[in-house]
Protein chains: 2
Amino acid sequence: MDDIDRQLLVLLQQDASRPYAALGEAVGLSAGATHERVRKLRERGVIRRTTVEVDPAAVGQGVLAFVMVESTRWVGDSGDRFSAIPEIQEAHVIAGSASALVKVRTSTTQQLQDVLRRIYAIDGVSGTQATVVLETFFERPVTL
Amino acid sequence: MDDIDRQLLVLLQQDASRPYAALGEAVGLSAGATHERVRKLRERGVIRRTTVEVDPAAVGQGVLAFVMVESTRWVGDSGDRFSAIPEIQEAHVIAGSASALVKVRTSTTQQLQDVLRRIYAIDGVSGTQATVVLETFFERPVTL
DNA sequence: TTGATCTACCGAATCTCATTCTGCATAGTA
DNA sequence: TACTATGCAGAATGAGATTCGGTAGATCAA
């Protein structure tokens, strides 16, 4: 992981469809050498995958909320329960008064309510506190 | 936006490096027709960009925290102030007692503290409440 | 210092795939 | 019915991914 690798990651985060020749030119390498570096970044797991960024609003997921989940028992192994709710985009175990923090996307607040209901149904969950997002300033990749 | 488009989005979210011929086979279209559909999805902004997913821990961003930001004034137009802090990965205006919610990634809790200091320095910010993530169950793309 | 080994690179060859184009079929519309 | 727009298949073409051989530099041990 030297500086060239970091530059490549930045460039690929911006546009992963850029040809290796162009990438290489940007960092001062040949296409072949660039390809080899990117291959190793994948191999090491630094690059998890190549993906497309979908506009949530364009696919009917205009409502965004963060939900603090309180629990009366250990939540460390109920990741699957959260994962089973497709509207949950992220789920984290947190330090502090609540036990988990999840990020939820739905098309309506009605559906958000339904998601909260399903979260309540998880064993040990004793309460939720939902925070609705009014406007998203930005969401961007990990900064290098 | 029919069902085939949605299938294509799912497949591309999983692996955007898949050839159009393979995509097409999966949804029952030719490579050319698949290409055309994906082109239009980009054109309409449904697909924002093609990118790589980087493992935060692998690039020294092992600390994740969510920060509730309280403000004494309207925060609706201070998006740039948050954006200027590179450790902030997301920033949202929220309903509720706090005014904004930001997602922060740093390499150490020391640096997290420094980010909090810089958030305080934003005009109108009167308080922060940081929640440190102990474990991330999952982070996944928008569910279709 | 010398030799062996390993790594990273370049440049070229090859082969896959993206992209474009033609023609056809279907659906919608005047 | 005639016209128009849209979406598709299939093929042609060129761009780019991927592989490979060979070289330079770095590291390490003798």
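Proteins get letters first, then strands, A, B, ... in listed order; numbering begins at 1 in each.
In this model, a donor atom of one side chain and an acceptor atom of the other lie less than 3.5 Å apart for Arg42(B) and Thr50(B). No side-chain donor-acceptor contact under 3.5 Å links Gln110(B) and Asp114(B).
Residue Asp15(B) contributes atom CG, which lies 13 Å from atom P of dC17(C) at whole-angstrom precision. Note: CG (Leu23(B)) to C1' (dA18(C)) measures 12 Å, nearest angstrom. Between the CZ atom of Arg37(A) and the P atom of dT19(D) there is a distance of 18 Å, rounded to whole Å. Atom C1' of nucleotide dA9(D) and atom CG of Leu29(B) are separated by 10 Å, given to the nearest angstrom. Taking atom CE of Met1(A) as the reference point, atom C1' of dA8(C) lies 17 Å away to the nearest angstrom. Spacing between atom OH of Tyr20(B) and atom P of dA15(D) amounts to 17 Å, rounded to whole angstrom units. Remark: C1' of dA12(C) and NE2 of His35(A) are 16 Å apart, rounded to the nearest angstrom. Distance Glu36(B) CD to dT22(C) P: 15 Å, rounded to the nearest Å.
When heavy atoms are screened at a 4.0 angstrom cut-off, Arg39(B) is found touching no nucleic acid atom at all. In this structure, Gly28(A) reaches the sugar-phosphate backbone alone: every heavy-atom distance under 4.0 Å involves primed, P, OP1 or OP2 atoms, never a base.
Projected onto DNA chain C by closest heavy-atom contact, Lys40(A) and Gly32(A) fall at different nucleotides, the more 5' of which corresponds to Lys40(A).
For Ala33(A), taking side-chain heavy atoms from C-beta onward, the closest of the listed nucleotides dC17(C), dA9(D), dC9(C) is dC9(C).
Checking Val132(A), Thr131(A), Val104(A) one by one against Val67(A), the side-chain contact (heavy atoms from CB on, under 4.5 Å) holds for a single residue, Val104(A).
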Practice task
Apply salt bridge (Lys or Arg N to Asp or Glu O under 4.0 Å) to the pair Arg49(B) and Asp55(A), showing each step before the final yes or no.
Solution key: CA-CA 10 Å; Arg49(B) 60 174 167 174; Asp55(A) 178 9; over 6 Å; no

